[in-house]
Number of protein chains: 2
Amino acid sequence: MFESAEIGHQIDKETYDAAVPELRQALLEAQLELREQARFPLIVLLNGIEGAGKGETVKLLNEWMDPRLIQVETFDQQTDEELARPPFWRYWRRLPPKGRTGVFFGNWYSQMLQGRVHGRIDDAQLDQSISTTVRFERMLCDEGALIFKFWLHLSKKQMKARLKTLQDDPLHSWRISPLDWQQSKTYDDFVRYGERVLRRTSRDYAPWYVVEGSDERYRSLTVGRILLEGLQAALRLEERPRRQPHAAPVAASIDNRGLVDSLDMTQSLDKDSYQQQLVAEQARLAQLLRDKRMRRHALVAVFEGNDAAGKGGAIRRVTGALDPRQYHIVPVAAPTEEEQAQPYLWRFWRHIPARGRFTMFDRSWYGRVLVERVEGYCSQADWLRAYSEINDFEEQLTDAGVVLVKFWMAIDQQTQLERFKEREQTAFKRFKITEDDWRNRDKWTQYVDAVNDMVDRTSTEIAPWTLIEANDKRFARVKVLRTINEALEAAFARKR
Amino acid sequence: MFESAEIGHQIDKETYDAAVPELRQALLEAQLELREQARFPLIVLLNGIEGAGKGETVKLLNEWMDPRLIQVETFDQQTDEELARPPFWRYWRRLPPKGRTGVFFGNWYSQMLQGRVHGRIDDAQLDQSISTTVRFERMLCDEGALIFKFWLHLSKKQMKARLKTLQDDPLHSWRISPLDWQQSKTYDDFVRYGERVLRRTSRDYAPWYVVEGSDERYRSLTVGRILLEGLQAALRLEERPRRQPHAAPVAASIDNRGLVDSLDMTQSLDKDSYQQQLVAEQARLAQLLRDKRMRRHALVAVFEGNDAAGKGGAIRRVTGALDPRQYHIVPVAAPTEEEQAQPYLWRFWRHIPARGRFTMFDRSWYGRVLVERVEGYCSQADWLRAYSEINDFEEQLTDAGVVLVKFWMAIDQQTQLERFKEREQTAFKRFKITEDDWRNRDKWTQYVDAVNDMVDRTSTEIAPWTLIEANDKRFARVKVLRTINEALEAAFARKR
């Protein structure tokens with residue numbers, strides 16, 4: 001969920017300076033229009049890693065917009081008055097009225113996360129807080145509020161560097177309290193529970209935006225653009241927004257660097273190493289699937305990727321050393337008539353393996369947020385809600401002991417072109433290339449955005465995506481097999 | 001929540017026989033139209049008390065409609081195949097396709113309720129099941145499904161009588177398993193957890209309908225009419241329904257007997273008993289409010305009722321023996337400009353008392369589901385979602401130690417007429433009667449429906465409604481005071 005916010009997004013000064021004046025002007029105009037219409041309030045929640053720039057973002061918003069129309073609310077220790085009343089009273093009393101903006105810096109999420117990280121509440125209580133929060137935000141959005149939730153992120157390394165810098169800076173050193181440092185130690189917990197909270201509370205009408213915080217210019221432009229686009233869209237509505245899905249602007253497009261672009265595509269394996277490693281991993285998989293601990297699990301592997309990235313070849317290598325009775329391959333194509341008469345996920349649920357079994361999906365339920373999104377085969381509302389439905393679905397699988405591995409097989413545009421041409425020239429491969437493939441290729445950047453969003457919103461601790469650098473087929477195949485084996489071994493090692 | 005399903009609703013044979021042919025014809029037509037359109041499936045969930053007629057209702061639907069288009073699904077013990085997969089797999093595989101009807105007799109609700117009643121899961125796990133279910137049903141409705149959830153109810157006494165009858169009837173006696181009898185013993189638990197589940201899972205797009213099950217004719221007509229109206233409304237939509245709020249047909253109107261009609265309005269107190277009891281209860285309240293255990297609680301009393309039912313007089317008697325610093329009265333009128341710029345509940349949240357304090361609301365947050373509903377001051381979607389928002393709100397209050405008592409002060413039409421006339425003729429009371437009052441009176445039956453719905457959907461174990469028979473003012477005032485006192489004493493006696 002935080003992967004794409006750890007790749008070192010950056011905006012150079014020139015680009016930034018060129019972009020800011022227009023953005024500021026547009027934000028200011030939108031803000032005045034918000035006041036003019038006075039149909040709904042704007043609520044901005046700022047959460048995330050210490051040092052990722054929450055405070056700076058508040059300052060920036062006040063600088064870029066009219067601060068008289070913004071109320072910044074901080075929530076630290078509860079006051080006596082607050083302690084004497086239900087916990088949410090403190091938030092209710094600070095809600096911005098219609099036409100105004102409230103920036104909640106420290107909020108219901110900070111409270112539940114800190115409570116969990118410091119062990120004041122347990123998992124079940126965290127889940128209860130999450131439900132309360134979902135109901136509260138749904139109510140706010142039903143009442144017309146427009147909510148933006150930002151998670152400003154830093155990798156552990158970035159955070160440490162950042163805290164060090166702040167400490168050395170006399171202007172900032174007062175900010176580094178022992179608590180901050182302590183949080184540096186509890187970074188892992190914070191990220192782990194943060195992911196759970198984000199996954200459970202991201203809704204199409206109030207999604208989380210994860211923004212990498214290490215580069216100030218990138219962070220500022222990204223937050224500003226997301227706010228601007230969302231606010232403008234809401235202002236254009238005929239009615240006040242009512243749980244209106246956000247338009248999901250793609251953060252990655254701001255510096256044209258997505259997660260997939262950050263892969264080292266030069267990785268490769270020579271023929272000998274490949275043969276050797278392939279055989280070893282295949283034997284390991286055959287062994288693992290026969291292990292008696294496999295009776296408590298099922299294995300599901302999802303293969304997605306660019307056209308011609310080698311999904312089929314990878315699947316064949318996975319099954320290379322297996323008895324055909326041990327696995328099942330589900331090729332996902334257009335839905336049948338029977339499937340069309342059912343909810344979207346129905347056609348995948350029907351293929352979920354029983355414990356002890358192994359199923360591979362050649363393309364999968366992610367079709368909705370990839371091809372269906374890009375080609376417009378479903379409405380925006382449909383693909384936006386799909387992220388949380390998919391997360392729910394996968395959580396049900398892993399809760400039931402299913403080991404779930406998900407592969408995005410990535411090749412670059414040049415490699416794809418070469419493979420397409422090769423296919424056209426090779427008789428027995430010609431069936432593999434169609435008009436559609438060329439058409440999809442024209443939408444390369446739209447697919448890049450869709451893949452970034454998909455990984456951001458559905459790569460979770462319980463069901464992470466593995467990105468496969470697939471320019472070199474040998475490297476890709478071995479990495480796929482190894483990832484499956486490691487996931488199985490980790491599951492076997494865990495107590496259930 | 002179950003109160004209005006325990007008052008002995010009945011339909012006589014003549015009325016029933018007259019109504020059924022038309023209803024059957026219309027249901028059959030709607031069902032064929034559903035198949036014709038094939039845009040969405042109809043899902044009917046049947047839950048409730050043993051012996052309340054779940055099985056009979058399934059039989060009836062198959063008799064009244066075309067059984068070839070209905071799939072009846074029962075879920076008992078999980079099969080081996082089901083046990084080897086995630087718990088919801090069993091439901092996914094039995095979903096009816098678009099155009100068809102699935103009757104789920106035994107379903108996700110039966111499973112969680114039985115699990116909780118028999119102690120196989122605890123409260124936190126019940127809450128987790130509830131969240132899973134809410135997400136599942138939201139997804140189904142997003143995909144277009146039309147869901148009806150019926151809770152067929154019996155009072156404990158009715159249930160016992162019913163089980164006895166079935167046992168004596170040779171045709172039915174095979175049905176009375178030891179488990180059924182055991183459930184008779186666990187009736188209280190079943191109702192208690194049932195209420196929690198219904199409260200948390202009732203949504204405007206998939207509400208619960210609580211139907212009294214003791215009279216077969218009443219039950220059948222009610223279920224049939226609710227299904228028919230809801231199905232017809234969905235078929236009329238231009239698009240397939242997508243989390244479309246139900247139209248909430250009022251069950252009470254079928255035999256023209258609401259909860260309020262079942263009150264014994266002849267109850268009264270003579271002057272001497274009144275004086276004596278009033279003074280005693282007032283002293284008891286003053287004492288209770290000074291009790292040191294009051295520091296852990298706050299007290300909130302809500303007064304709603306028919307015009308001229310005596311709310312003001314009752315409030316004055318409550319405060320009669322109190323120091324004015326001890327309480328606060330909030331008269332609720334039209335919202336101020338500031339309040340209009342906020343979510344609906346904001347203007348009530350701001351008056352929530354701190355621990356140790358007592359606040360009375362003269363009219364309240366229930367305005368939305370009473371006057372605003374009847375007069376059309378808000379949209380149907382707004383008042384429909386208000387029930388669950390109010391339940392959430394009140395749960396937050398009681399979780400924080402607030403003792404919440406809610407009064408509906410009821411008078412009959414004749415008494416209201418007399419009081420209106422008296423007000424018009426008495427100089428110092430004339431300000432109390434306006435054109436509005438006469439206008440509201442014309443909508444008497446709409447208010448009766450609104451009150452019934454309100455009590456059905458918001459009378460909960462944690463915040464029950466108390467209906468006050470207020471034709472006799474003395475009786476009403478003493479009952480109000482006594483109810484407050486008893487609620488405080490019960491709260492003080494509970495361990496927190």
Side-chain angles (χ1 to χ4, degrees), chain A residues 38 41 80-81 83-89 92-93 95-100 122-125 127-128 130-132 134-136 138-140 142-145 200 242 298 338 340-346 349-350 352-357 381-382 385 388-389 392-393 396-397 399-402, chain B residues 38 41 80-81 83-89 92-93 95-100 122-125 127-128 130-132 134-136 138-140 142-145 200 242 298 338 340-346 349-350 352-357 381-382 385 388-389 392-393 396-397 399-402:
Chain A
D80 284 353
E81 271 198 77
L83 281 168
R85 290 182 176 80
F88 268 62
W89 185 75
W92 273 91
R93 64 201 292 234
L95 289 176
K98 288 169 189 162
R100 316 271 299 207
D122 64 17
D123 274 345
Q125 287 168 312
D127 282 352
Q128 286 176 328
I130 288 172
S131 308
T132 306
V134 167
R135 292 198 294 266
F136 180 59
R138 190 183 60 217
M139 180 279 303
L140 289 176
D142 272 331
E143 292 275 350
R200 290 284 183 92
R242 273 170 190 267
E338 195 189 2
Q340 271 174 338
Q342 292 285 359
Y344 177 67
L345 288 173
W346 188 83
W349 268 102
R350 65 195 305 204
I352 291 308
R355 265 191 273 281
R357 316 282 302 173
D382 284 332
R385 72 182 158 82
S388 47
E389 287 175 9
D392 269 356
F393 170 49
Q396 291 188 55
L397 296 185
D399 278 351
V402 175
Chain B
D80 284 355
E81 272 198 78
L83 281 168
R85 292 181 175 81
F88 268 62
W89 186 75
W92 274 92
R93 65 200 292 234
L95 289 176
K98 288 170 189 161
R100 315 272 298 206
D122 64 17
D123 274 345
Q125 288 168 312
D127 282 352
Q128 287 177 326
I130 287 172
S131 309
T132 306
V134 166
R135 293 199 293 267
F136 181 58
R138 190 182 60 219
M139 179 280 303
L140 289 176
D142 272 331
E143 292 275 351
R200 290 283 183 91
R242 273 171 189 268
E338 194 189 1
Q340 270 174 338
Q342 292 285 359
Y344 177 67
L345 288 173
W346 187 83
W349 267 103
R350 65 194 305 201
I352 291 308
R355 265 190 274 281
R357 317 282 303 173
D382 284 332
R385 72 181 157 83
S388 46
E389 288 175 9
D392 270 356
F393 170 48
Q396 290 189 54
L397 296 185
D399 279 351
V402 175

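A note on names: the letters A, B, ... follow the listed sequences, proteins ahead of strands, and every chain is numbered from 1.
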Engineer: The criterion is side-chain contact (heavy atoms from CB on, under 4.5 Å); which residues satisfy it with Ala354(B), sequence neighbours excluded?
Structural biologist: Ala84(A), Arg85(A), Arg357(B)
Engineer: So which residue, Gln125(A), Arg100(A), Glu81(A), Gln128(A), ends up with the most heavy-atom pairs under 4.5 Å with chain B?
Structural biologist: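 With the most close heavy-atom pairs to chain B, the winner is Gln128(A).
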Engineer: Can you name the residues that form a salt bridge (Lys or Arg N to Asp or Glu O under 4.0 Å) with Arg350(A), not counting sequence neighbours?
Structural biologist: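 With sequence neighbours excluded, Arg350(A) shows a salt bridge (Lys or Arg N to Asp or Glu O under 4.0 Å) to Glu338(A), Glu339(A), given in chain and number order.
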Engineer: Among Ala124(A), Pro343(A), Ala381(A), who wins on heavy-atom pairs under 4.5 Å with chain B?
Structural biologist: Pro343(A)
Engineer: Please answer whether the main-chain N or O of Tyr344(B) pairs with a side-chain N or O of Glu143(A) as donor and acceptor at a distance below 3.5 Å.
Structural biologist: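 A pair under 3.5 Å: yes.
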Engineer: With a 4.5 Å limit on heavy-atom distance, are the side chains of Asp392(A) and Met139(B) in contact?
Structural biologist: no
Engineer: Among Leu95(A), Asp127(A), Val402(A), Leu397(A), who wins on heavy-atom pairs under 4.5 Å with chain B?
Structural biologist: Leu95(A)
Engineer: If you count heavy-atom pairs under 4.5 Å with chain B, which of Arg93(A), Gln340(A), Arg200(A) comes out on top?
Structural biologist: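 Among Arg93(A), Gln340(A), Arg200(A), the one with the most close pairs to chain B is Arg200(A).
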Engineer: Nearest heavy-atom pair of Trp89(B) and Trp349(A): which atoms, and what distance?
Structural biologist: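 Heavy atoms only, the tightest pair is NE1-O, 3.0 Å.
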Engineer: If I take atom CZ from residue Phe136(B) and atom CG from residue Leu345(A), how far apart are they, to the nearest 0.5 angstrom?
Structural biologist: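 Phe136(B) CZ to Leu345(A) CG: 10.0 Å, rounded to 0.5 Å.
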Engineer: Return the option, out of Arg138(A), Arg135(A), Gln396(A), with the maximum number of heavy-atom pairs under 4.5 Å with chain B.
Structural biologist: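 The option with the most such pairs is Arg135(A).
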Engineer: Among Pro97(A), Pro41(A), Pro87(A), which has the most heavy-atom pairs under 4.5 Å with chain B?
Structural biologist: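 Ranked by heavy-atom pairs under 4.5 Å with chain B, first place is Pro97(A).
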Engineer: Looking at chain A, which one of Pro353(B), Ser131(B), Gly99(B), Ala38(B) has the largest number of heavy-atom pairs inside 4.5 Å, strictly under?
Structural biologist: Pro353(B)
